[in-house]
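Naming: A, B, ... by sequence-line order, numbering from 1 per chain. Any value given below was found using the heavy atoms of this structure, including those in side chains, with hydrogens, waters and symmetry copies removed.
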Amino acid sequence: MEWEAVIGLEIHAQLATKSKIFSGASTAFGAEPNTQACAVDLALPGTLPVFNEEALRMAVKFGLAIDAEIGRTSVFDRKNYFYPDLPKGYQTSQLFHPIVGIGHIDITLEDGTSKRIGVTRAHLEEDAGKSLHDEFPGMTGIDLNRAGTPLLEIVSEPDMRTAEEAVAYVRKIHALVTSLGICDGNMAEGSFRCDCNVSVRPKGQEEFGTRTETKNINSFRFIEKAIVGEIERQIDLIEDGGRVIQATRLYDANKNETRSMRSKEEANDYRYFPCPDLLPIVIDEDYIDAVRDSLPELPDARKARFIEEYKLSDYDAMVLSGDHNLATYFEIVAKAANDAKMAANWVMGELSKHLNQNDTTIANSPVSAEQLGGLVERIKDNTISGKIAKQVFEVMWAEGGSADEIIEAKGLKQVTDTGAIESIVDEVISKADKQVAQYKAAEPDKRGKMLGFFMGQVMKATGGKANPGAVNGILKKKLDALCD
Amino acid sequence: MFDKTLAELAQGLENGDFSSVELTQAYLDRIKAEDGKYNSYITVTDELALEQANAADATRAAGNAGAFTGLPIAHKDIFCTEGVRTSCASKMLDNFISPYNATVVNKFNAAGAVTLGKTNMDEFAMGSSNESSFYGPARNPWDTDCVPGGSSGGSAAAVAALLAPAATGTDTGGSIRQPAALCGITGLKPTYGRVSRFGMIAFASSLDQGGPMTRTAEDAAMMLNVMAGFDPNDSTCMQKDVPDYTADLSKPLAGLKIGLPKEFFPDDLSPAIAQQVQAAIKEYEALGATVKEVSLPNTGLAIPAYYIIAPSEASSNLSRFDGVRYGYRCESPVDLEDLYKRSRGEGFGPEVKRRIMVGAYALSEGFYDAYYKKAQQIRRLIKQDYVNALNEVDVIMGPTTPHPAFKLGEKTSDPVAMYMEDIFTISLNLAGMPGISIPCGQTEGLPVGLQIIGNYFAEQKLLNVAHQFQQATDWHKQAPQGI
C-alpha cells in the first residue's frame, strides 16, 4: 500500500527581549543557575506579572510577516500543571485569544517547486526553567534562569507531507524570525525548538491517522531524521497489524529514534482559564501600522534583491537569503570584495564547508565577514591565486588575522614581477634540456600542451606564488625564441 | 492612650505629648499582656517596631514628619514583610520569611508608620470566622466565645481590643467588612484596583483588595491616603489620581440619596439586625438624606457565582505552594509525586483543600463552560445591578452581615452555613465596587454593622457618609466590656 504522511509543526521561538515576559530579570543565556530569576520568576507568594510590551511588538512583527490576522484583543490564559521547573504551577500562555491568527508562508523545495503552508496561530507564552538531573546524584537541580523567557509558539496547519517539506518550513520560519530580529535562532541553546506532529494514512484517504507528537527537537537535521523515523515506525506498526497510539514522544539523537514519553491517557487536564492578574492586550490600527513600518527586509524580498542587485543565480540567492546571518554575512563579503559571485562562492563553498565540519554556525564563525571579504578582494586584485587563498583561509580559520597580515607573514604574495619570473623561467629551461628538445621537435600547434611541464616547474620553484598568466606568457615567448 | 484614634494619636505625636517609641512600647506591652485572650497576632515584631519608632522620632525631630510618621499599625499576615515571617496563617508558610515587602507595606514604611506585628486570619484568607488559622482562631473581644469574623479576624480583634490603633486587611468576599461588623469597628474595602495587590498573597486575584480596618472613618481615610495609588508591579492596579480622603469628611449629607435594596432585607434577616440598621437609616434621614428602595435582583446568585470564581482562581494561585522552593516540605519524599501530594496534603488545612478541589473541578475539561464561564456571566449581571442602582442613588445601605458574631465551632461543620454569612458582602467583590462597614448598634452585647456601598472610586463619598454618622452617634466609640 502507498502511504502518505501528514505533518504539522509547533515551533517555540524565544523572543529576543532583554528582560523576561512578565518580570524585569535578564534573559541572557548561560548565566550561573538561578542568578537571573527574580521574586516573580521564583513565584514567591504575592508576586504578580507585568507584561513586557517588547514581546508584543515582536509577536505583531511576526504576524505581519506571515500576512496573518493580528488579534486586536488578545488574552493571557493560565495552563495549570505541576512540574518543578514551572514555579507558579501554571504557565501563562494564550489559548482562547492568541495575538497572531491565521497566516501562511511559502516554502521552496529542492526541485524548485514551491508550496504554501498555513500557520494556524502564533501565541505568546512564558518558557519554563530547567531541571538538571545529572549534576546532583540522587537529586534534581532546578535552574529558573530560563523561567519567564518570552516564547512565540508558532503552530502550523497539518499541511506538510514529507520531512523535506517540514524542514523547508522550519528553515523558512527560522529565516523569518531571525530576519525580523525577534529571535536569535540559536537552536543549540534552545532559542528555537520544534515539536513535530506526525501521522500516516493510506494515500488518497481523507481523514487523518492517529498522530504522535515528538517534542523539543533542536536542529534541522534532527527534525528531518525524527520525522523520517517516525513515519517509518508508524507505517511498520500499521503494516504489522498494530495501531498508532496518540502519545507524546521524545527524539533521542544518539539512537536516532523516538520513544514514548506519555500517552494521551496520562495527559494533563490543563484547566485553562483567563489569567486574572493580567489585563487583556488591546491594540489598535495605529499600533499595527507603526510596527508594519518598522519591518526590515524579509527573506523573499531579499532573495529577489540578491538576484537583481548581485546577479546571483536563483539557487545561490535562495540559499543565501534562507538564513538571516548567512545573508548578512554574504553582503558584507560581497561589498568588501566588490565581486558578488566570488563572494557567494566563498560563503557557500569554503566557509560553509568549514562551518559544517566544525559543527558550528555562522554566528560563531571564527572568520568574520570582513576578514573573508578582505581575502576575496586579494584574489580579485591578483595579489594571490584562488589556490593560495585556500591556504590563507585555513590560517585565518585556525589562527585569525586579516588576509593581508597572513599573506605578508607567510610570504604568500603572488609574484607578478616579470623580471623575477623571467629569471626563474630561464633557470627552469636551462635545467630541462630533454623537455626543451621535445618542445622544439614538436609541431608548433602541439607545443601549447607541452607548456604544462614548464609551468609546473616554475610554480614549484616559486611555491605557487607566481602569477600563472604571466608565467605562461613568458614561457611561451622564451621557448618559441629557442625554436627559431 | 489606647482609646485614642489614629487621628488623635497623630495629634499627640505632633504636640509632643508622647514619642513614637513611647507609644509603640505601650502597645507592645499591652499586646504582650492582653493578646493571650484574643490571639489576634501571629507574629509581634517588637524589634522592628521599636527601630521604626526610633526612626520616626528622629524624622519628627528633624522637622520632616508627615501625617503618618510614628503611628503604629498592624498588618494582616497576608502582606509580605521583608525579614519577617509571612504565614498567611498556614502551616504551608509557617517557615516563610519574606525577602521582600508588599507595596502596601512599603507605602506605610515610607510614610513613617510603625509595624507592631502580623495579625491572625483565616488560612489563605479562606473563611468567615478566623477558625481556619493554623495558629488557632482569633477571638472576638466582645465575647471571647465568639468568632471575630474572617478572614481579617485578627486585624478586627486587634483594633477592637485596642491592641493596635489600626490594621490592614484584605477583602475577597467580605473579609474586611464582615469582621469589622462583628467586632464593632470600621472597615473599608476599596474599589478593585485602588490598592496594589503586589506582595499581598493571592487568594482570588480578580476579587482580592486590601483596605483599612480602624476605629473611625476618619482613621480609615488616613490609612487609605497611604495605601491607595498606582503600582507598576500590579497590572490590575488603576492609574488614577489619589485624592486626599480626609478632605471631604465634613461635607454635610443634606440631599444624599440612599438606596435600600430589598434583597438586603430578606424575611429571615435577624430582626435585631434589621432593627439596628433601620435605626441607622433613620439617623441618616435626620442628617438630611432621602431614602429610596432599589433592587439588586441577582443578589441570590452571588454566593454560587462567587464559590465558583474564587475557588477556581485559588486552585491556580495556590499551585505555587508545592514544597519545591519555599514553605512546607514533607519529610523524606520518595519521588516527585509523593513530594507534591504530601507537602500539599500536610501543609494545607481542610478549608483550603476544599476550595482547591472545588476550583480544580470547576475548571476541568468539560465543566468549564457550565461553571466558570457561567459564573463570569452572572458576575456581569451582578455588576450591572449595582451600576443600575447607583444611577438612581448616591449610596446603597444595608446590613453587613445577616447575624451578629456567632460562637466558635458553631458553623465549622457546615461550610455552606458559613458561606451564607457573606451573603451581603460577596456581591460587591464580584462587582468590584467599594464598600464600608461601620458599627451602627448592638444586639445582646454584640456589635451590628451597617454596610455602605458606593460607585467605582467613590471612597471619598463613603468615608464622608460614614464619618458624618460617626459625628452624630457614638457606636464606634463603644468598647467591649473590660477593655
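Within a 6.0 Å sphere centred on NZ of B:Lys374, heavy atoms belonging to other residues, nucleotides or ligands number 12 at most. Atom CZ of B:Arg320 is surrounded by more than 12 heavy atoms from other residues, nucleotides or ligands within 6.0 Å. In the displayed structure, A:Glu135 atom CD is contacted under 6.0 Å by more than 12 heavy atoms of other residues, nucleotides or ligands. In B:Lys353, the NZ atom is crowded: over 12 heavy atoms of neighbouring residues, nucleotides or ligands sit closer than 6.0 Å.
When heavy atoms are compared at a cutoff of 4.5 Å, B:Leu93 approaches chain A solely by way of its side chain, counted from C-beta outward. Looking at B:Pro99, only its side chain comes within 4.5 Å of chain A, counting heavy atoms on both sides. Contact of A:Asn80 with chain B is made through the side chain alone, with heavy-atom distances under 4.5 Å. Looking at B:Phe198, both its backbone and its side chain come within 4.5 Å of chain A, counting heavy atoms on both sides. Proximity to chain A (any heavy atom under 4.5 Å) is restricted, for B:Leu336, to the side chain, taken from C-beta onward. Neither the backbone nor the side chain of B:Phe79 comes within contact range of chain A; no heavy atoms are under 4.5 Å apart. Interface remark: A:Tyr272 contributes backbone atoms only to the contact with chain B (heavy atom separation under 4.5 Å). B:Phe367 does not touch chain A: none of its heavy atoms, backbone or side chain, sits under 4.5 Å away. If you measure heavy-atom distances from B:Ala204 to chain A, you find no contacts under 4.5 Å at all. Only the backbone of B:Ser312 comes within contact range of chain A, with at least one heavy atom under 4.5 Å from a heavy atom of that chain.
Distance check, rounded to the nearest 0.5 Å: OH of A:Tyr270 to CD of B:Glu365 gives 10.5 Å. Distance check: A:Asp269 CG to B:Ser364 OG gives 5.5 Å after rounding to the nearest 0.5 Å. Note that OG of B:Ser205 and CG of A:Leu48 are 7.0 Å apart. Values are rounded to the nearest 0.5 Å. The CG atom of A:Leu278 sits 10.0 Å away from atom CG of B:Asp234, with the distance rounded to the nearest 0.5 Å.
Heavy atoms only, all atoms of each residue included: B:Tyr368 and A:Pro274 are closest at OH-CD, 3.3 Å. Summarising the geometry of A:Asp277 relative to B:Asn317, their closest heavy-atom pair is OD2-OD1, 4.5 Å, with the distance given to 0.1 Å. Contact detail for B:Pro232 and A:Val50: the closest heavy-atom pair is O-CG2, 3.2 Å. Across all their heavy atoms, B:Tyr100 and A:Pro45 have their closest contact at OH-O, 2.6 Å. The two residues A:Arg78 and B:Glu313 have their closest heavy-atom pair at NH1-O, 4.1 Å.
Across B:Gly359, B:Cys88, B:Gly199, the residue that shares the most heavy-atom pairs under 4.5 angstrom with chain A is B:Gly199. Comparing A:Ala39, A:Gly89, A:Pro84 by how many heavy-atom pairs each has under 4.5 Å with chain B, the most go to A:Pro84. For chain A, the option among B:Ala360, B:Cys80, B:Ser98, B:Gly327 with the highest count of heavy-atom pairs below 4.5 Å is B:Ala360.
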side-chain contact (heavy atoms from CB on, under 4.5 Å) assessment of A:Leu42 paired with B:Tyr326: CA-CA 10 Å; A:Leu42 292 168; B:Tyr326 51 77; 5.7 Å; no
Assess whether side-chain contact (heavy atoms from CB on, under 4.5 Å) is satisfied between B:Arg325 and A:Ile142, documenting all intermediate values. CA-CA 9 Å; B:Arg325 296 168 313 287; A:Ile142 312 286; over 6 Å; no
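In terms of modelled atom types and a separation under 3.5 Å, the side chain of B:Ser235 and the main chain of A:Pro49 share a donor-acceptor contact.
Counting heavy atoms from C-beta on, the side chains of B:Gln376 and A:Phe273 never come closer than 4.5 Å. With contacts defined as side-chain heavy-atom distances shorter than 4.5 Å, the pair A:Tyr90/B:Ser315 does not qualify.
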